[in-house]
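Structure record follows, encoded as structure tokens.
Per chain, numbering begins at 1; letters A, B, ... match sequence-line order.
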Number of protein chains: 2
Amino acid sequence: MKGLGELERTIMDILWAQNAPLTAREVGRLIADRDLAPTTVMTVLDRLTRKGFLTRTRDGRAWRYAPGASRDAYVAELMLEALDMTGDRSAALTRFAQTVSGPEAEILRKALTELEEE
Amino acid sequence: MKGLGELERTIMDILWAQNAPLTAREVGRLIADRDLAPTTVMTVLDRLTRKGFLTRTRDGRAWRYAPGASRDAYVAELMLEALDMTGDRSAALTRFAQTVSGPEAEILRKALTELEEE
DNA sequence: CGGGTAGTACTACGTCGCGTAGAGGGCAGA
DNA sequence: TCTGCCCTCTACGCGACGTAGTACTACCCG
């Protein structure tokens with residue numbers, strides 16, 4: 001996988017927050033703070049599709065874009081990728097566990113416990 | 001923090017594997033497979049230092065480079081950074097916990113348990 | 001039927017990070 | 001003093017990304 005740029009991430013955030021596929025125009029309208037040309041949004045949507053982050057389906061003349069995976073899945077994958085960078089995965093995992101804050105350690109613990117019970 | 005490029009990562013790997021600071025020449029000699037100009041290695045070492053990944057101390061005319069942090073710390077930080085990308089950290093954490101393989105879940109569980117006992 | 005509108009595809013340009021390395025300067029030993 | 005090692009500075013090419021223009025097509029409205 002590859003990382004995302006600034007605008008790419010912004011657009012993914014918009015699509016992740018949506019539960020229905022959006023057209024380029026609709027996405028553009030949701031980036032209100034920046035005054036981007038419509039073609040800019042289309043180009044980025046196109047690149048994201050090419051990279052596999054989005055899927056698109058026809059809707060008349062327009063395309064509707066939807067995320068290929070949930071944000072959580074994406075984040076989890078990024079984390080695993082970081083983990084792959086090391087020779088000693090267990091050391092890195094241990095280190096990670098020690099680094100997360102208390103409440104988050106609790107969340108992890110709980111998730112792991114539930115895993116075990118299944 | 002920022003990610004590292006290909007050669008940058010290679011060099012960090014070399015330095016992480018060492019327990020004593022190395023000079024540019026020594027690092028270059030350890031990248032035997034690629035035939036790099038000495039200045040290339042120096043440039044990259046310099047950039048890594050500028051980025052805060054390395055510290056360097058004088059040794060005669062030469063510099064000796066050493067990692068600023070352990071690889072595990074780096075990986076853990078990358079993972080936390082990925083985690084920061086999401087609005088819902090707990091969901092991403094849960095997802096992550098579900099995604100790691102069985103043995104690694106065990107490692108995480110153990111690390112978290114030890115944390116709790118302190 | 002003709003024009004504005006919306007939508008697409010293709011192309012392009014500037015910037016930045018990174019791999020790569022040359023030019024030039026200084027110091028130390030033969 | 002000559003030679004070589006090491007440093008600093010500068011630079012070039014490429015690919016990624018932000019940004020957008022141009023050109024073509026399909027509709028709807030009057």
Side-chain angles (χ1 to χ4, degrees), chain A residues 1-16 20-68 74 78 81-82 85, chain B residues 1-15 20-68 74 77-78 81-82 85:
Chain A
M1 196 175 35
K2 275 286 301 172
L4 296 176
E6 189 60 36
L7 180 55
E8 290 177 333
R9 191 141 35 203
T10 302
I11 288 184
M12 286 307 293
D13 276 341
I14 288 175
L15 287 168
W16 272 322
L22 297 185
T23 64
R25 184 148 297 258
E26 289 166 344
V27 171
R29 222 172 274 132
L30 289 176
I31 320 182
D33 46 348
R34 278 200 267 182
D35 199 27
L36 294 174
T39 51
T40 301
V41 178
M42 285 185 205
T43 302
V44 175
L45 286 170
D46 205 49
R47 285 183 186 159
L48 286 170
T49 305
R50 213 180 298 274
K51 290 186 198 174
F53 287 100
L54 298 178
T55 59
R56 63 181 195 179
T57 52
R58 276 287 177 192
D59 179 12
R61 279 159 292 164
W63 291 103
R64 291 202 163 267
Y65 295 85
Y74 171 60
L78 273 188
E81 203 172 307
M85 271 190 33
Chain B
M1 195 176 36
K2 276 286 303 174
L4 296 176
E6 189 61 35
L7 179 55
E8 289 176 334
R9 191 141 34 202
T10 302
I11 288 184
M12 286 307 294
D13 277 342
I14 287 175
L15 287 169
L22 297 185
T23 64
R25 182 148 299 259
E26 290 165 343
V27 171
R29 222 171 276 134
L30 289 176
I31 320 182
D33 46 347
R34 277 200 268 181
D35 199 27
L36 294 174
T39 51
T40 301
V41 178
M42 285 186 204
T43 303
V44 175
L45 286 170
D46 204 50
R47 285 183 185 160
L48 287 170
T49 305
R50 215 181 297 274
K51 289 186 197 175
F53 287 99
L54 298 177
T55 60
R56 63 183 195 178
T57 52
R58 276 287 176 195
D59 178 13
R61 279 159 292 164
W63 291 105
R64 291 202 163 267
Y65 294 88
Y74 171 60
E77 196 166 336
L78 273 188
E81 203 172 306
M85 271 191 32

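Picking from C/dG19, C/dG7, C/dA21 the nucleotide with the shortest atom distance to the side chain of A/R61 gives C/dG7. Among the nucleotides D/dC7, C/dT8, C/dT20, the one closest to any side-chain atom of A/M42 is C/dT8. When distances run from any side-chain atom of A/T40 to the nucleotides C/dA21, D/dA20, C/dT8, the shortest one goes to D/dA20. Comparing C/dA21, D/dA20, C/dT20 against the side chain of B/A37 picks out C/dA21 as the nearest.
Counting non-hydrogen atoms under 4.0 angstrom, A/R34 reaches the backbone sugars and phosphates but no base. Using a 4.0 Å heavy-atom distance criterion, B/G3 is classed as a sugar-phosphate-only contact. At the heavy-atom level, B/T23 lies nowhere under 4.0 Å from the strands shown. When heavy atoms are screened at a 4.0 angstrom cut-off, B/L4 is found touching no nucleic acid atom at all.
At distances below 3.5 Å, not a single donor-acceptor pair connects side-chain atoms of A/E81 with backbone N or O atoms of A/L78. The closest donor-acceptor contact from the side chain of B/T49 to the backbone of B/L45 lies under 3.5 Å.
With sequence neighbours left out, A/R58 forms a salt bridge (Lys or Arg N to Asp or Glu O under 4.0 Å) with no residue at all.
Comparing A/R47 and A/R56 by the nucleotide of DNA chain C that holds the closest heavy atom to each, the one mapping nearer the 5' end is A/R56.
In this entry the distance linking CG of B/L36 with C1' of C/dG22 reads 15 Å, nearest Å. Atom C1' of nucleotide D/dG15 and atom CZ of A/R50 are separated by 15 Å, given to the nearest angstrom.
A/W63 is not listed as a side-chain neighbour of A/T23, based on a closest heavy-atom distance of 4.5 Å or more.
Contact annotation: side chain of A/R25 to base of C/dT8, donor-acceptor pair absent below 3.5 Å. Judged by distance alone with a 3.5 Å cut-off, no donor-acceptor contact links the side chain of B/T39 to the base of C/dA23.
Neither OP1 nor OP2 of C/dG17 sits under 4.0 Å from any side-chain N or O of B/K51.
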